[in-house]
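Following: one structure in structure tokens, then a few remarks.
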Amino acid sequence: MSTPVVSELAPPLRLLLGPGPSMVHPRVLRAMSTPLLGHLDPKFLEIMNEVQAQLRAVFRTENPFTIAVSGTGSAGMEAALVNLLEPGDTAVVVVAGVFGGRMADIVGRCGARLVKIDVPWGEVCDPARIEEALKREGKVKVVALVHAETSTGAHQPLEGLGALCHAHGALLVADTVTSLGGVPVEVDAWGVDACYSGTQKCLSCPPGLAPLTLSPRALEAVKARKTKVQSWYLDAGMVADYWAEGKRVYHHTAPISMVYALRESLRLVLEEGLEARFARHRRHSAALMAGVAALGFEPQAQEGHRLPSLNCIKVPAGVDEAAARKGLLADHSIEIGGGLGPLAGKVWRIGLMGESARQENVLAVLAAIEQALAKQGKLARAGASLAAALESYARS
Ligand SMILES: *Cc1c(COP(=O)(O)O)cnc(C)c1O
């Protein structure tokens, strides 16, 4: 067999404005290149404690079980569901996009009975529909939904849902992959029993870990299982014995450098302050949306429920959206996202997550979109989007 000739790694510098990964602060990249420790080294155990405390602050929870699952956001999703569900249980899942659909898929793989609440893509679920399902379906173990549906840009309110679920003896599972660190997430105040996220969206860390917090109520449900968790790797009981202070029993080797990166990205989040960070996301999203509106793009998500971190916009008729996105990448080194599933070819998803939510990025992507539209003869008035964005900035 011949030896492959592989040159030294030199990826191009991209402006990441897609649905994740987002831009990463140099401090995070620096943290990743610091020396490795063993995963049971007392110094590393200290670092784990720090990350747990930081995650509790960002999730706004006192839950002792607050960890970073080894794996991306989907591992967090799978961990939440496989630990809470066993064959014969019933789970109500709100499906309003790709990620609600992924939750429903996992529920089926757990052998649980799936009760789907289908919501048109771009809309949010009326809590009355969840209440109706809880009353109708008998004993429901879990109600699961996505707080920030990255495939549509819809922002599902969660306030009051914990109390509603608990009144019916159900647990609330929330996907906050595209909301944590970008818009308010209140695990304790909202009564969320299992809440997971991912590192590469609004936390602006490379992909690789999934923050997860479980309420004492959720942990009781895990303890009361009749069957073993079907996933050895994601078994919360065993993983907890590694993360629990005083125990620290080897389960699997923690991805050390990723934990360093998360620690630094959470330092950046907490230095900025959650409120200031949310305000920054709102401000740049408002400018971007004003800009694209001037070019004829309309929002996909329902009015009053639009995510600032993920701006999903309908591509005007007649525009070759794939060619335009290709131009953005080739001519401007800017990545934005296309549509998923039934929205493929119809929408763009522009992420302004964490470090990506900056004025220079908003103005750069608007200028690039104008050039791409001009190439297709679809630009009515040059500079219109920049003028609208600057006006939005002047107002805020
Ligand atoms: C990105 C995303 C996921 C999956 O995360 P991965 O890191 O890609 O595994 C899950 N849910 C939502 C809402 C997401 O945006």
Side-chain angles (χ1 to χ4, degrees), residues 16-24 55 59 67-82 93-107 109 119 121-125 144-158 172-185 187 192 194-213 231 233-234 255 258-259 261-262 265 281 285 300-301 305-312 335-341 343-344 347-354 356-357:
L16 299 172
L17 301 181
S22 56
M23 297 301 282
V24 171
L55 285 176
F59 271 129
I67 67 162
V69 175
S70 305
T72 63
S74 305
M77 181 188 289
E78 194 135 27
L81 294 170
V82 300
V93 180
V94 175
V95 179
V98 165
F99 295 101
R102 189 172 293 182
M103 284 177 140
D105 186 350
I106 295 173
V107 165
R109 289 164 192 252
V119 174
W121 287 36
E123 293 182 20
V124 297
C125 183
L145 77 179
V146 178
H147 185 217
E149 184 44 84
T150 317
S151 60
T152 67
H155 187 179
Q156 171 71 47
L158 297 180
L172 177 63
V173 174
D175 177 316
T176 61
V177 176
T178 293
S179 50
L180 192 70
V183 299
V185 171
V187 168
V192 183
C195 191
Y196 61 85
S197 190
T199 45
Q200 79 275 23
K201 310 233 174 152
C202 299
L203 298 178
S204 270
C205 181
L209 289 174
L212 170 70
T213 185
S231 167
Y233 197 71
L234 298 173
M258 283 309 308
V259 175
L262 179 58
S265 70
H281 280 81
S285 171
Q300 170 70 25
H305 297 284
R306 291 178 192 146
L307 283 170
S309 46
L310 193 285
N311 303 272
C312 187
E335 175 180 284
I336 64 168
L340 294 179
L343 296 180
V347 300
W348 282 350
R349 296 179 301 143
I350 305 181
L352 293 176
M353 303 178 184
S356 297

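Start at 1 and go down the list; that is how both ligands and their atoms are numbered. Keep in mind that what you see is a predicted model, and the values were worked out from it rather than measured.
The protein heavy-atom contact nearest to atom 3 (C) of ligand 1 is Phe99 CE2, 3.4 Å. Regarding atom 1 (C) of ligand 1, its nearest protein heavy-atom neighbour is Lys201 NZ, 1.5 Å.
Annotation for ligand 1: atoms under 4.0 Å from non-hydrogen atoms of Gln200 are 6 (P), 7 (O), 8 (O). Within ligand 1, counting atoms from 1 as listed, the ones closer than 4.0 Å to a heavy atom of Thr150 are 12 (C), 13 (C), 14 (C), 15 (O). Every atom of ligand 1 with a heavy atom of Arg102 under 4.0 Å away is listed here by number and element: 4 (C). Of all atoms in ligand 1, numbered sequentially from 1 with element shown, those under 4.0 Å from a heavy atom of Thr72 are 6 (P), 7 (O), 9 (O). If you number the atoms of ligand 1 from 1 as listed, the ones under 4.0 Å from a heavy atom of Thr178 come out as 15 (O). Here is the list of ligand 1 atoms found below 4.0 Å of a heavy atom in Gly73: 5 (O), 6 (P), 7 (O), 9 (O). Within ligand 1, counting atoms from 1 as listed, the ones closer than 4.0 Å to a heavy atom of Ser74 are 4 (C), 5 (O), 6 (P), 9 (O).
Contact annotation for Ala148 and ligand 1: only backbone heavy atoms (N, CA, C, O) come within less than 4.0 Å of the ligand. When non-hydrogen atoms are compared, ligand 1 lies under 4.0 Å from neither the backbone nor the side chain of Glu149.
Evaluated by nearest non-hydrogen atom to atom 11 (N) of ligand 1, the leading choice among Asp175, Thr199, Leu310 is Asp175.
Here the closest heavy-atom approach between residue Leu212 and residue Gly76 is recorded as CD1-O, 4.4 Å. Scanning both residues, Val177 and Lys201, for their nearest heavy atoms gives O-CB, 3.4 Å. Contact detail for Gly97 and Trp121: the closest heavy-atom pair is CA-CE2, 3.5 Å. Nearest approach of Cys205 to Val24, heavy atoms of both residues: C-CG2, 3.9 Å.
For the side-chain contact (heavy atoms from CB on, under 4.5 Å) criterion with His147, the lone passing option out of Asp175, Val124, Thr178, Val183 is Val183.
You'll find the side chain of Tyr196 stays beyond 4.5 Å of the side chain of Leu180, heavy atoms only.
When only modelled atom types and interatomic distance are considered, Ser22 and Ser204 share a side-chain donor-acceptor pair under 3.5 Å.
Taking CD of Gln300 as the reference point, atom CG of Leu310 lies at 11.0 Å (rounded to 0.5 Å).
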